[in-house]
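Letters A, B, ... are given to chains in the order of the sequence lines, protein chains preceding strands, and every chain is numbered from 1. Predicted model, so just to flag it, every value in this text is computed and none were measured.
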Protein chains: 2
Amino acid sequence: MSTAEETAGGETSAWGEVTPDAARRLLIAAVEAFAERGYHATTTRDIAGRAGMSPAALYIHYKTKEELLHRISRIGHEKALEILQTAARREGGPAERLADAVSSFVRWHAGGRTTARVVQYELDSLGPDARAEILALRRQCDAEVRGIIEDGVAAGDFDVLDVKGTTLAVLSLCIDVARWFNVDGPWTPDEVGSLYADLVLRMVGAK
Amino acid sequence: MSTAEETAGGETSAWGEVTPDAARRLLIAAVEAFAERGYHATTTRDIAGRAGMSPAALYIHYKTKEELLHRISRIGHEKALEILQTAARREGGPAERLADAVSSFVRWHAGGRTTARVVQYELDSLGPDARAEILALRRQCDAEVRGIIEDGVAAGDFDVLDVKGTTLAVLSLCIDVARWFNVDGPWTPDEVGSLYADLVLRMVGAK
DNA sequence: GCCGATACTGAGCGAGCGCTTAGCGGGACG
DNA sequence: CGTCCCGCTAAGCGCTCGCTCAGTATCGGC
């Protein structure tokens with residue numbers, strides 16, 4: 001098992017860059033609420049309540065409810081991209097790099113399911129500008145994975161009919177983990193990561 | 001290309017069982033609105049407006065907004081289950097049956113993306129009872145696919161490490177098509193169905 | 001001890017929500 | 001022609017939403 005992402009010490013890690021403390025607590029509260037109920041079904045009163053503050057306190061640190069979602073989405077996507085870049089740029093053959101990328105990416109979606117859910121499924125609730133910014137990050141994620149697969153095909157290590165379609169399917173498979181993964185279920189994030197790395201190597205016809 | 005589901009003549013087909021006409025128009029309007037904006041962001045005024053009626057008309061045919069989602073969800077899941085059952089029970093070896101199941105299922109998710117989106121992603125907006133009913137249908141879908149994979153393993157046609165996990169991954173891959181598929185994109189539903197059937201046969205190590 | 005800045009609260013505004021109700025209009029039947 | 005029924009509308013009720021703002025407690029600097 002590799003370490004393309006630091007093993008999270010809990011769902012609330014990785015928000016260290018958010019200051020001051022009250023702003024971070026509000027952001028974490030928003031992630032939990034959005035993941036549980038969805039963006040539109042979450043009230044600003046609920047977010048503030050989870051952070052132990054009055055409804056009005058939210059507006060000292062964030063201009064609107066949507067700004068919270070935007071910040072969460074950007075930080076989350078940057079993290080996802082970083083995970084894929086680290087795996088794509090490590091030493092080793094295409095098969096090792098792809099397996100590392102998939103298992104790391106899946107581990108992040110499973111272990112940080114709360115965050116990943118918001119990041120991957122609440123995109124449509126953003127306004128056009130914020131949405132466009134996030135979509136650019138997604139295209140970069142796509143490019144990282146496609147790069148590994150193209151390397152594998154060029155090296156003769158992979159046997160792929162449709163590189164673009166297979167890339168999309170691989171990412172889709174990983175992302176959907178955030179929808180179904182259950183912490184109380186039969187698998188650990190590591191186990192799903194290993195299983196998925198194996199499945200993806202089969203999908204690309206790795207030798 | 002097989003015909004495990006009838007080729008849809010448009011997104012609004014398959015609602016023929018809903019009567020009277022006004023109730024069906026409201027249901028179709030609700031599917032479109034829920035798919036575009038999500039359940040919680042859709043207003044009853046919007047649904048009624050799309051159906052060309054006043055807000056109050058909705059409540060003659062449906063008790064609540066949630067009943068609309070429940071009806072859509074049940075009809076959609078029954079359709080999905082029927083598609084998988086038809087493929088699972090046709091003649092042919094496990095590989096053919098699995099390929100048929102995946103391509104039909106994917107075609108339905110891509111071609112009827114509007115409906116599939118609501119069916120697959122708005123489940124959490126249902127109340128506990130309706131939710132439980134729908135989850136039972138989902139378990140039946142899972143069982144159909146797992147059955148084919150188990151047949152393939154028993155016959156020595158497939159090479160699978162973790163049948164349960166692989167089943168989940170296959171279904172997850174198909175379902176996520178509803179999230180990313182775009183009618184204006186580079187693929188037709190048929191093309192995605194074929195690509196995915198190939199990918200899934202690789203995942204199960206079909207000979 | 002006083003001042004201003006900072007972080008927060010209590011109360012509440014205007015808007016829009018899901019849903020209800022009184023009543024209207026037109027077809028079926030005598 | 002009169003009567004009832006029924007699908008539908010106009011109006012609006014009670015409520016909660018995102019968000020605002022005047023006021024308060026706390027703290028560092030002097």
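Looking at residues 46-65 of chain B, you'll see Ala56(B), Tyr59(B), Thr64(B), Lys65(B) sit with a heavy atom under 4.0 Å from some atom of DNA chain C.
With salt bridges taken as basic N to acidic carboxylate O contacts below 4.0 Å, none links Asp142(B) and Arg138(B). The pair Arg97(A)-Asp151(A) meets the salt-bridge criterion, with a side-chain N (NZ, NE, NH1 or NH2) lying under 4.0 Å from an Asp/Glu carboxylate O. For Arg37(B) and Asp124(A), the salt-bridge test fails: no basic side-chain N is under 4.0 Å from an acidic carboxylate O. Using a cutoff of 4.0 Å between basic side-chain nitrogens and carboxylate oxygens, Glu96(A) and Arg90(A) are scored as salt-bridged.
Along DNA chain C, read 5' to 3', the first and last nucleotides having any atom under 4.0 Å from a heavy atom of chain B are dC17(C) to dT21(C). Using a 4.0 Å cutoff to heavy atoms of chain B, the contacted part of DNA chain D runs 5' to 3' from dC8(D) to dG12(D).
For Ala33(A) against Arg50(A), the heavy-atom pair with the smallest separation is CB-NE, 3.6 Å.
No side-chain donor from either of Gln140(A) and His77(A) sits under 3.5 Å from a side-chain acceptor of the other. Glu122(A) and His40(A) are not linked by any side-chain donor-acceptor pair at a separation below 3.5 angstrom, with hydrogens and angles left out of the test. Using a 3.5 Å distance cut-off with no hydrogens or angles, the side chains of Ser104(A) and Asp100(A) do pair a donor with an acceptor.
Relative orientation of the Phe105(B) and His109(B) rings is perpendicular, given thresholds of 30° and 60° on the angle between their planes.
With Tyr39(B) as the aromatic partner, Lys65(B) meets the cation-pi criteria of under 6.0 angstrom to the ring centre and within 45 degrees of the ring axis.
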